Enquirer: 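To start, I am sharing the structure in question, which I have written as structure tokens.
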Amino acid sequence: MIPALHYGLLALFALNLALWLLLLRQRFAPRSAADLDPAGPRTLSRTAEIFRALGALLLGLFMAGAAQPAAVNDGLDPSWQMVLEHATLHKLVYGQDIVFTFGPLAPVSTDLHNGAGYFHSERLAYVLWLASVFIVLWWRLSQHLPRLLAVLSWLWLALLPGDAAPYAALALLAWAMKPPEREHGQEKAPLTGTILSLLVAPAGLAVLGTVKFTYTVAAMAVMAAWVGHAVVFQRSWKQALIPLLAATATFAFLWTAAGQPLAAVPQWLHRGLIVSSAYADAMQLIVVSPAALWLAGGTVILALLLLITLALWQTQRRRTSDLFLALVCLGLLAIVWKHSVTRADGHLTMIGSLAPLLCCLALSPLRIGDLSRWARIAGLITVVTLMVGAMADRFAISGSTVTESVLSHTLGMSSRKQPALHILTPTGSALPLNLATAPELDQSRLPAIKALVKEQPVDVFNFLQSVAFANGLNYQPRPVYQSYQACNEELMRLNETYWQTRTATQHLICRMESVDWRLSSSDDSACWPHWLTNLKPAALEKDFILLSPSGRQTHTPRWSTLGTGQAEFGAALPLPTQPPGKFLRLRTTLHRSFLGKLAKAGFQPDALQMVTRMSDGTTETTRIVPGAIEAGILLAPFLHTNVDLLAYYADDKTLQRTPSSITLRAEHGRHKEFASTYSYTWETAEVPARDQPTLQKSRDLLLQSRIPFPGRAQELLGGPLTGDMMQVSLKSLINTEINGRPALRLDAPSTIILRNDPRGGTLQISYRVPSASWKRKKPTDGVRFVIATAGHQGEEKKLLDHFLDPGKLESDREKKTFSVTLPPNEAPWLILRTETGPTDYQDRAIWGGFSWTPTPGPEAKP
């Protein structure tokens, strides 16, 4: 789709292959004994050289296997990949219109690559170039290594996971840029080596730099190291300027070939740094086994010891270029470690995969004769140990086998294969794939919403942008388009500014959810006041709510300070009293202690958790990004689910949840990572009155909405209550049984609100206090069971109010059964509530034996 980009990458691929052929010719050319440099690469037999060359070619073929796109699907990762492809295709400016951790070449590097159906030929050209990098550079690297280590390094590179391949390319390119150390009177370096170190390697770093911001940081660090070395130690401006110009020219060409203005580069770098630095706070959930973390940590420590030892040894030998190579390897190890442990899941394999390669690179320039026999054995054993430990780490994370790794990461198994010659041409770059009709995305089809939106612009909250592409909508994203990534005030203000000028014309497809159990409305929290005041619900389809322009004059909330103060970290902070019908948001200034800063810099900081106690005594525990609560999060209305959002628009007092206090604490109890106190500010703003049509439409949508019922939904409930509920507030929930039938055990206080059947019918339900609560030396002091109906205004009609105290009354230890017949068109909500006794110690309850028999006859109107 972008011929300049396509042919530019193919030209780099052709240049690398030509360089490889020149290296082969140079290596196999007849030489006299006087031509051989005993301090340089070792000479091998012609047969050994042929096998080495074939190994390099085979390695390149392995790496080229990832050129094929994977099958179409939806979800979080496919969504951001689709948007990046959409952004590059439509020439949205990176750093301005799109703010993410990737650059304009991202569509040619993503693993799934299932976006709008373009960039497939560009992806092939990119992967061919990447494969040629491995061919050329492993061919040269293997000449400097002991034979066994050369074979092991080839096998290891072939088994690299896909995520680690770009970092491996960075490391190899850094090694290729290393200027040779020449003794007095030595001849000049061969032309091929000069081309590789001064032109090809810097250009390769620039290619990777346009793909992803973290690659850019690593590439810039490598360039700075070698330019500094050329100026300070070699005193050669040629060695400094030529690589710098080659990298700059390549970067500029690729950037402009993707339709990006060069003036946007500083802004892209600035905002990429903001997103990357905030990512550690936003996504620090550890989801792997402790064994995997210990193995990864051990791998890093062992690699550090070897790299530092080599750096110190080179210092004593005064071999400055080799010293710089060891230091660059240390820097790359630090960058990859930070990238990997930010979110310790499958990415953690990168650190184990790259540590052996970095150590091989640091060992490669050493003259074998300079090392003792035991030093050579120790280096070999260390690298082999690193490889074994890294493979064990991969097994601990994913349980993958060597065969599975090769097939999935290097051979690039795909369900959509196309002839290579077809997609090598720009005309073949678009596969016959239309996401709006792809059967894999049928679950994301929203025909009703599509009919309402038509060709008007639409945005998506939170991270399922695939729904916009699956329905062929006019998708126009806000800058930080996946809301969980807008994790500090500056990024949130970018999105807020975007929406301030578009609330009168743009739609929002919304599903209240987030990642890692975060409070939904804390993502993009600066936008929510604008959305709530200028948009209104228009449709509900498959759990997606369409918010459309209200048609009224755009209203900008004006915030005023309600109160300020200091609070203890980990202690409850009461919410202030405020007039009804106003927004209330909390802004804090949190500081990390010295220990917390160390944890954030070197490993993973503890997550911030917010425990919200509701006015009915129940609690909601969610994760909060520190940058989000510093920018300000809404607590009134409290928005976490679709029901919360629709209840706000419907002004439904029964379903709206009202917080009474919040507690900020460390998720894993590492409170010492935070300052003992924090300052806070309560702010309030006027809420425009909702008109009657909006209220009625929202109430109609409420009757269609649902939250999946926790536990054994289909086994527990019948009739209109089959697995759907309107609201739930629980401290804990466990599946259990009553007389062999499934039931739910939960802690009091708790509230479950079910949608009532407008036809009326008979409800039967059992309840009890579990024996484990009263068969104790200190038993429970009782639980109150309440069943009631309620309407939109919050008025309740109690059907059951029974306090059980089994610790004192033996008669309260048995199962109780309640039955009631409800008339047609009764209040829309059915409430099941438990309340504690004087204390909440062991106050647990069981609901079970649900039975609903609807009244025969035509369905009444809700």
Side-chain angles (χ1 to χ4, degrees), residues 278 280-287 484 487-489 514-523 525 561-578 584-636 638-640 657-683 729-732 747-750 836 838-843:
D281 280 330
M283 306 290 287
Q284 67 274 55
L285 182 66
I286 296 177
V287 293
Y484 68 89
C487 41
N488 61 29
E489 186 165 5
S514 186
V515 296
D516 300 342
W517 305 284
R518 283 157 52 165
L519 177 65
S520 300
S521 59
S522 69
D523 294 342
S525 61
T561 301
L562 190 62
T564 61
Q566 293 278 330
E568 293 287 331
F569 188 75
L573 175 64
L575 267 69
T577 303
Q578 61 155 358
L584 177 68
R585 75 178 181 186
L586 172 66
R587 295 168 62 97
T588 69
T589 303
L590 291 166
H591 296 287
R592 291 195 180 272
S593 64
F594 179 72
L595 179 63
K597 292 176 182 177
L598 286 179
K600 183 176 179 179
F603 187 59
Q604 289 183 322
D606 203 354
L608 182 66
Q609 196 174 60
M610 184 174 78
V611 181
T612 308
R613 188 169 182 84
M614 304 297 173
S615 56
D616 62 358
T618 61
T619 59
E620 185 82 44
T621 301
T622 53
R623 291 178 65 246
I624 294 289
V625 179
I629 199 168
E630 289 171 2
I633 60 170
L634 281 175
L635 290 177
F638 184 84
L639 304 177
H640 189 47
R657 292 186 283 176
T658 306
S660 60
S661 70
I662 68 159
T663 302
L664 299 181
R665 67 187 188 189
E667 184 177 28
H668 299 101
R670 288 153 44 184
H671 281 53
K672 291 184 179 180
E673 293 185 13
F674 293 89
S676 57
T677 62
Y678 62 91
S679 59
Y680 64 86
T681 301
W682 293 106
E683 296 178 333
S729 295
L730 303 169
K731 291 171 64 177
S732 67
D747 290 350
S750 67
T836 65
T839 69
D840 61 359
Y841 179 74
Q842 290 295 322
D843 289 355

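The structure presented is a predicted model; accordingly, all values stated were derived computationally and were not measured.
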Enquirer: Shortest non-hydrogen contact from Arg665 to Gly570?
Expert: CB-CA, 4.5 Å
Enquirer: Which atom pair, heavy atoms only, marks the closest approach of Ser661 to Pro574?
Expert: CB-CA, 4.0 Å
Enquirer: Could you give the distance from CD (Glu620) to NE2 (His640), rounded to the nearest 0.5 Å?
Expert: 4.5 Å
Enquirer: Determine the minimum heavy-atom distance between Lys600 and Pro605, stating which atoms define it.
Expert: CA-CD, 3.8 Å
Enquirer: Just say parallel, tilted or perpendicular for the rings of Phe569 and Phe674, cut-offs at 30° and 60°.
Expert: parallel
Enquirer: Atom CD1 in Ile633, atom OG in Ser521: separation rounded to 0.5 Å?
Expert: 7.0 Å
Enquirer: Is the backbone N or O of Asp843 less than 3.5 Å from a side-chain atom of Thr836, with the two atoms forming a donor-acceptor pair by type?
Expert: no
Enquirer: Out of curiosity, Thr588 OG1 to Ile662 CD1, how far, rounded to the nearest 0.5 Å?
Expert: 8.0 Å
Enquirer: Look only at the side chain of Asp516 and the backbone of Arg518, and say whether a donor-acceptor pair between them is shorter than 3.5 Å.
Expert: no
Enquirer: Between Arg592 and Lys597, which heavy-atom pair has the shortest distance, and what is it?
Expert: O-CE, 3.6 Å
Enquirer: For residues Leu584 and Pro576, determine if any side-chain heavy atom of one lies less than 4.5 Å from a side-chain heavy atom of the other.
Expert: yes
Enquirer: What heavy-atom pair brings Tyr484 and Ser514 nearest, and what distance separates the two atoms?
Expert: CB-OG, 4.4 Å
Enquirer: Nearest 0.5 Å please: distance from the CG atom of Leu635 over to the CE atom of Met610.
Expert: 5.5 Å
Enquirer: Please test Glu683 against Arg587 for side-chain contact (heavy atoms from CB on, under 4.5 Å), starting from the C-alpha separation and ending with a verdict.
Expert: CA-CA 8 Å; Glu683 296 178 333; Arg587 295 168 62 97; 3.0 Å; yes
Enquirer: Which pair of heavy atoms, one from Gly617 and one from Pro749, lies closest together, and at what distance?
Expert: O-CG, 2.9 Å
Enquirer: Given Leu608, which of Thr622, Val625, Leu590 fulfils the side-chain contact (heavy atoms from CB on, under 4.5 Å) condition?
Expert: Leu590
Enquirer: Look up atom CG in Asp840 and atom CG in Asp747, then write down how far apart they are to the nearest 0.5 Å.
Expert: 8.5 Å
Enquirer: Taking side chain to side chain contact (heavy atoms under 4.5 Å, CB included) as the test, write out the residues that go with Thr577, two or more places apart.
Expert: none
Enquirer: Could you check whether the rings of Trp682 and Tyr680 sit parallel, tilted or perpendicular, using 30° and 60° as the cut-offs?
Expert: perpendicular
Enquirer: Determine yes or no for a side-chain-to-main-chain donor-acceptor pair under 3.5 angstrom, with Thr677 supplying the side chain and Gln566 the backbone.
Expert: no
Enquirer: With rounding to the nearest 0.5 Å, note down the distance linking CG in Leu573 to CD in Glu568.
Expert: 11.5 Å
Enquirer: Is there a side-chain contact between Glu667 and Arg623, using heavy atoms and a 4.5 Å cut-off?
Expert: yes
Enquirer: Show your working on side-chain contact (heavy atoms from CB on, under 4.5 Å) between Leu664 and Ile629 and close with a plain yes or no.
Expert: CA-CA 10 Å; Leu664 299 181; Ile629 199 168; 3.8 Å; yes
Enquirer: Using a 3.5 Å distance criterion without hydrogens, assess whether the side chain of Asp606 forms a donor-acceptor pair with backbone atoms of Arg670.
Expert: yes
Enquirer: Could you walk me through whether Gln609 and Thr621 satisfy the side-chain contact (heavy atoms from CB on, under 4.5 Å) test, starting with their C-alpha distance in whole Å, then the side-chain angles of each, then the deciding distance to 0.1 Å, before giving a yes or no?
Expert: CA-CA 7 Å; Gln609 196 174 60; Thr621 301; 3.5 Å; yes
